[in-house]
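First listed ligand is number 1; within each ligand, the first listed atom is number 1.
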Amino acid sequence: MLERIRIVLIGTSHPGNIGATARAMHNMGLADLALVAPRSESRSAEAISRASGADKILHHAPVYDDLESAVADCRLVVGASARSRTLPWPMITPRALGERLPAELADAEARVALVFGREDTGLTNAELQRCHAHVHIPTNPDYSSLNLAAAVQVLAYECRLAWLDHQPAHSAPEASTEPATQRDAEADQVAASAEHEAVFGITWDHPPASHADLERYFAHLERTLITLKFHDPDKPRQLMARLRRLYLRARPDQMEVNILRGILSATEKHTARNDQA
Ligand code: SAH
């Protein structure tokens with residue numbers, strides 16, 4: 001389960017924070033780090049020194065230009081935010097996030113991304129609007145912003161607690177002599193049978209849509225709404241943000257997204273025919 005949780009750092013400006021993030025992840029058993037447009041060198045001496053032996057994670061961390069590419073294959077994307085924004089968005093506590101993970105990751109194909117923002121400005125509204133939910137670590141409201149790697153540490157710890165809770169009862173992880181991968185597989189199986197496809201609360205017929213599927217849908221939806229003259233990109237107001245929030249809240253599955261795209265294609269064909277007539 002832990003190996004399918006991706007930590008995404010956007011626009012990090014201090015190499016020490018990238019190194020300290022790798023250390024925090026390795027301490028908690030996470031390994032999948034992705035960097036989006038970093039503003040510092042992730043393999044510099046400072047990063048490696050702060051990784052303190054966890055530099056393997058730094059060497060394996062891919063670099064992306066944007067958030068979409070970093071989380072394209074993820075079915076759940078959660079943005080970590082130090083403060084609330086103008087448009088309310090579904091919020092989840094760190095504990096509730098951890099508790100949701102075994103069900104979200106019960107399917108061996110599923111991946112989850114936890115997204116962290118820049119040290120100076122956090123995540124942009126556009127980035128936050130690409131997330132299904134936001135997680136806020138409850139802090140002193142007068143001084144709410146944690147150091148980036150400290151925020152990663154807190155959420156990675158919640159992931160680990162949730163994973164430990166799903167260990168098969170007979171194998172206390174510290175005492176076990178089985179290889180970690182086998183223990184992981186066993187824990188995943190227990191989670192899968194206990195919470196079979198519990199993302200939707202009951203056994204479901206199709207997996208949740210991936211981030212890439214949803215982004216293709218949103219792009220198609222925007223094009224169609226412009227053609228229909230329902231949406232004016234010069235006066236966007238918050239139409240697309242509100243529609244994103246609606247669809248992300250519904251957690252459409254892969255079949256549902258195909259149907260929605262089919263409806264858009266039919267609408268486009270129909271308007272093109274009417275325009276010609
Ligand atoms: N000054 C920035 C905060 C940057 S801290 C701002 O005003 O938004 C860097 C990143 O650490 C944040 O983007 C967020 O992803 C994470 N972070 C810091 N404090 C957090 C908190 N209390 N809850 C959740 N994430 C937090």
**Asked** Considering only protein heavy atoms, which is closest to atom 3 (C) of ligand 1, and at what distance to one decimal place?
**Response** S145 OG, 3.3 Å
**Message:** If we ignore hydrogens and angles and just use 3.5 Å, is the side chain of R23 paired with the main-chain N or O of A54 as donor and acceptor?
**Reply:** no
**Request:** Pull out every atom of ligand 1 sitting under 4.0 Å from any heavy atom of F116, numbered as shown with elements.
**Result:** 15 (O)
**Prompt:** Starting from atom 1 (N) of ligand 1, which protein heavy atom do you reach first, and at what distance in Å?
**Reply:** D120 O, 3.2 Å
**Prompt:** Polar-atom distance check: I137 versus ligand 1, any N or O pair below 3.5 Å?
**Reply:** yes
**Message:** If we ignore hydrogens and angles and just use 3.5 Å, is the side chain of S210 paired with the main-chain N or O of D73 as donor and acceptor?
**Reply:** no
**Item:** For atom 24 (C) of ligand 1, the protein heavy atom that lies nearest, with its residue and separation
**Value:** S81 O, 3.3 Å
**Item:** Side-chain donor/acceptor of W89 to backbone N/O of C131, under 3.5 Å
**Value:** yes
**Request:** Check whether any side-chain N or O of H132 sits under 3.5 Å from a backbone N or O of L248 as a donor-acceptor pair, and report yes or no.
**Result:** no
**Prompt:** So, R245 side chain and P88 main chain: donor-acceptor pair closer than 3.5 Å or not?
**Reply:** yes
**Message:** Could you go through F116 and T12, starting from their C-alpha distance and side-chain angles, then the distance that decides it, and tell me whether this counts as side chain to side chain contact (heavy atoms under 4.5 Å, CB included)?
**Reply:** CA-CA 9 Å; F116 297 82; T12 311; over 6 Å; no
**Asked** With under 30° as parallel and over 60° as perpendicular, where do the rings of Y247 and Y217 fit, or are they tilted in between?
**Response** perpendicular
**Fill in**
Closest to atom 19 (N) of ligand 1 among protein heavy atoms sits L146 N, 2.9 Å
**Request:** Considering non-hydrogen atoms only, spot the tightest contact between T93 and V135 and give its length.
**Result:** C-CG2, 3.9 Å
**Message:** Holding to side-chain contact (heavy atoms from CB on, under 4.5 Å), I want the full list of residues that pass it with N147, two or more places apart in sequence or in another chain.
**Reply:** N17, A149, A150
**Item:** Under 3.5 Å donor-acceptor, R130 side chain and L67 backbone
**Value:** no
**Top protein contact for atom 9 (C) of ligand 1, by heavy-atom distance** = R118 O, 3.5 Å
**Item:** atom 26 (C) of ligand 1 - nearest protein heavy atom and its distance
**Value:** A151 CB, 3.9 Å
**Request:** Measure T139 to ligand 1 on non-hydrogen atoms and call it side chain, backbone, both or neither using the 4.0 Å cut-off.
**Result:** side chain
**Item:** Side chain, backbone, both or neither: P138 near ligand 1, heavy atoms under 4.0 Å
**Value:** neither
**Complete:** of all protein heavy atoms, closest to atom 10 (C) of ligand 1 is G117 O, 3.7 Å
**Prompt:** Where does N147 meet ligand 1, judged by heavy-atom distances below 4.0 Å: at the side chain, the backbone, both, or neither?
**Reply:** neither
**Item:** R83, portion touching ligand 1 at heavy-atom distance under 4.0 Å
**Value:** side chain
**Prompt:** What protein heavy atom sits nearest atom 2 (C) of ligand 1, and how far away is it?
**Reply:** G122 N, 3.6 Å
**Message:** Taking 4.0 angstrom as the limit and counting only heavy atoms of H136, give me the atoms of ligand 1 inside it, by number and element.
**Reply:** 22 (N), 23 (N), 24 (C)
**Message:** Tell me whether R251 contacts the main-chain N or O of R75 through its side chain, where contact means a donor paired with an acceptor under 3.5 Å.
**Reply:** yes
**Prompt:** Considering only heavy atoms of V135, which atoms of ligand 1 have at least one such atom less than 4.0 Å away?
**Reply:** 24 (C)
**Atoms of ligand 1, numbered as shown, that sit under 4.0 Å from any heavy atom of E119** = 1 (N), 2 (C), 4 (C)
**Request:** Check whether any N or O atom of A80, backbone or side chain, sits under 3.5 Å from an N or O atom of ligand 1, and answer yes or no.
**Result:** yes
